[in-house]
Structure formats: structure tokens, C-alpha cells
Amino acid sequence: MKIIHTVQELRAWRKTAGKVAFVPTMGNLHEGHLALVREAAKRADNIVVSIFVNRLQFGQGEDFDRYPRTLQQDADKLAGEGVAVIFAPDEKELYPHTEQRFNIEPPHLQNELCGKFRPGHFRGVATVVAKLFNIVCPDVACFGKKDYQQLAIIKGLVEDLNFPIEIVPVDTGRADDGLALSSRNQYLNEQERAEAPQLYQVLQSVATRLSDGNTDYVALEQNAAAELNARGWTVDYVEIRRAEDLAVARSGDKALVILAAARLGRTRLIDNLEVVL
Ligand code: PAF
């Protein structure tokens with residue numbers, strides 16, 4: 001496994017690499033990331049994992065500065081996974097100018113759901129992912145369904161800008177108590193960690209009501225948010241959307257996804273659950 005820090009060296013390696021599967025990450029790897037790598041391994045002999053904490057996708061007051069940078073531990077975790085290359089550029093390598101002059105502007109979806117609470121976040125994600133796609137030139141790229149809105153935006157990016165890349169969605173990895181695996185879980189204190197699985201439990205109870213035929217989506221969303229707020233969470237949103245394109249769900253839609261974002265103390269957690277009626 002090579003660790004490559006420059007675009008030039010990555011491009012030189014890519015020329016002779018054959019079929020490549022790509023897993024973009026911000027590092028601080030956990031089992032959820034390793035699941036992405038294992039999916040990638042099913043699809044190509046050469047796996048590239050990028051590790052880059054992307055300033056562009058963090059808003060003011062967010063955790064860019066305290067986001068854990070753990071390259072050596074990440075490399076140790078990837079060592080047994082058949083990864084060919086870790087691409088770990090520094091900031092100057094990916095953003096050589098003081099400001100990124102050209103950005104990828106996603107459609108209106110970027111201002112909904114998480115985008116409403118993190119203005120500019122999905123522009124930052126789409127921009128860095130497009131850059132990484134242009135550098136790595138993968139045939140396949142794996143993205144976790146935990147970041148459902150991000151996945152929808154990346155699918156749109158690839159389709160609209162004609163990247164010749166197959167996007168593979170990978171199911172959310174969960175702890176035994178149901179909490180979605182996330183680098184941010186490590187910010188939770190003991191009490192918050194004990195409470196955190198409630199987010200998924202609330203999604204599961206909304207799913208049960210949908211399966212029972214309840215179509216009052218607004219009431220279901222409001223009740224779920226109220227339940228979390230009453231337990232001490234600060235809810236950004238609980239929303240029921242159409243799974244295919246994240247459009248607002250209408251009665252009669254069969255493939256839905258319930259998405260939620262809420263804060264426990266200083267930590268913002270997101271989760272979602274697909275429901276097929
Ligand atoms: O999902 C992430 O970790 C990041 O948003 C990504 C896709 C690596 C872009 O920085």
C-alpha cells in the first residue's frame with residue numbers, strides 16, 4: 001500500500017493501474033469506512049482511498065479545526081484491506097490558491113434538509129468530489145447511505161457532468177445498539193452516547209407507522225421531532241422524502257426515506273431509514 005501526497009504522483013500511478021475503485025473519506029476511519037472499502041474490493045483490483053479534511057464543506061463555527069487527523073492510524077486500519085493507494089494531499093496540494101475560484105454548484109436540493117442548516121456544505125462536497133474524481137479517474141466510487149443527501153447530490157453530479165463513474169451506495173454501518181457509525185460519535189460523552197441510539201429508534205417507529213398505512217407525513221415528522229426534543233435533543237429536522245430523488249413525499253409514493261438531523265449537546269448526528277411500502 002502506497003501513501004501518495006501529490007496529484008502528480010497519483011496521476012503517474014493511475015496511468016498503469018487498470019480498473020480502479022475509489023473511496024473518498026475525511027479520515028478518522030471506522031468500521032463504516034472499512035465496509036465501503038470492502039464493497040470497493042468486490043468491484044476492482046485497485047482500491048484508492050482518499051483522506052482529506054475538506055475545509056470547503058465546513059461552515060463557520062463547525063468542527064473543521066478539531067476534526068481528528070489520524071493518518072497513521074488510518075493507514076494501519078487499511079493495511080489488511082487490499083488497498084493499493086491512500087491519497088492524502090495537504091491543503092495546498094488540492095487548493096493552491098487562497099480561494100477556490102471555480103466551484104460546483106449543486107441544484108436546489110443543496111439548500112434543503114442538511115443544506116438548510118449547513119449553507120454551502122454541499123457546494124464544498126461536490127467541488128472536492130469533482131476534483132478527486134478528476135485526479136483519481138476511478139471506474140467505480142463507493143459512498144455510504146448514511147450521508148443520503150450527499151449520495152443523491154453525487155449521483156446528480158456524475159449524471160449531469162458525465163463522469164464515467166459507477167456510484168455504488170453502501171448500507172449504513174451500525175453499532176450493536178443501532179447508532180449509525182460516524183467519526184463524530186467520538187465527540188459524545190458517556191451520557192450522550194447512551195442516548196444517541198434513540199435517533200434511529202425514532203426513525204424506526206416512523207417507519208412502522210408508514211408501513212401501517214399512516215400517510216399524514218407532516219404529523220409523523222412533527223411527532224418524531226417533538227419526541228426527540230422532549231428527550232433533550234435539538235432537532236434540525238425529521239423529514240419523509242421520496243427515496244429516488246429526495247423530493248417531498250406525496251401519498252402514493254412507494255419508496256420513501258425518513259431523514260433526520262439533531263444535536264446532542266455540541267454534537268450533530270444524522271441518520272436515515274429507507275421504507276418500501
Ligand atoms: O463523506 C465524506 O467523508 C466527505 O463528505 C467526502 C465525500 C469525503 C468529501 O469530502
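When a ligand or atom number is given, it counts from 1 through the structure's own listing order. What you see is a predicted model, and the numbers here were worked out from it, not measured in a lab. Sequence positions, counted from 1, serve as the residue numbers for this chain.
Within the listing of ligand 1, atoms 9 (C), 10 (O) sit less than 4.0 angstrom from a heavy atom of V128.
In terms of protein heavy atoms, atom 10 (O) of ligand 1 is closest to Q57 OE1, 2.6 Å. Among all non-hydrogen protein atoms, the one lying nearest atom 2 (C) of ligand 1 is Q150 NE2, 3.9 Å.
For F58 and Y67, the distance between ring centers is under 6.0 angstrom.
Using a cut-off of 4.0 Å between Lys/Arg side-chain N and Asp/Glu carboxylate O, R268 and E62 are scored as not salt-bridged. For the pair K146 and D271, the salt-bridge criterion is not met [side-chain N within less than 4.0 Å of a carboxylate O].
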| request: Begin with the C-alpha distance, continue with both residues' side-chain angles, and end with the deciding distance and a verdict on salt bridge (charged side-chain N to carboxylate O under 4.0 Å, His left out) for R69 and D90. | output: CA-CA 11 Å; R69 275 97 170 150; D90 68 15; over 6 Å; no
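Contact annotation: for T25 versus ligand 1, heavy atoms closer than 4.0 Å belong to the backbone alone.
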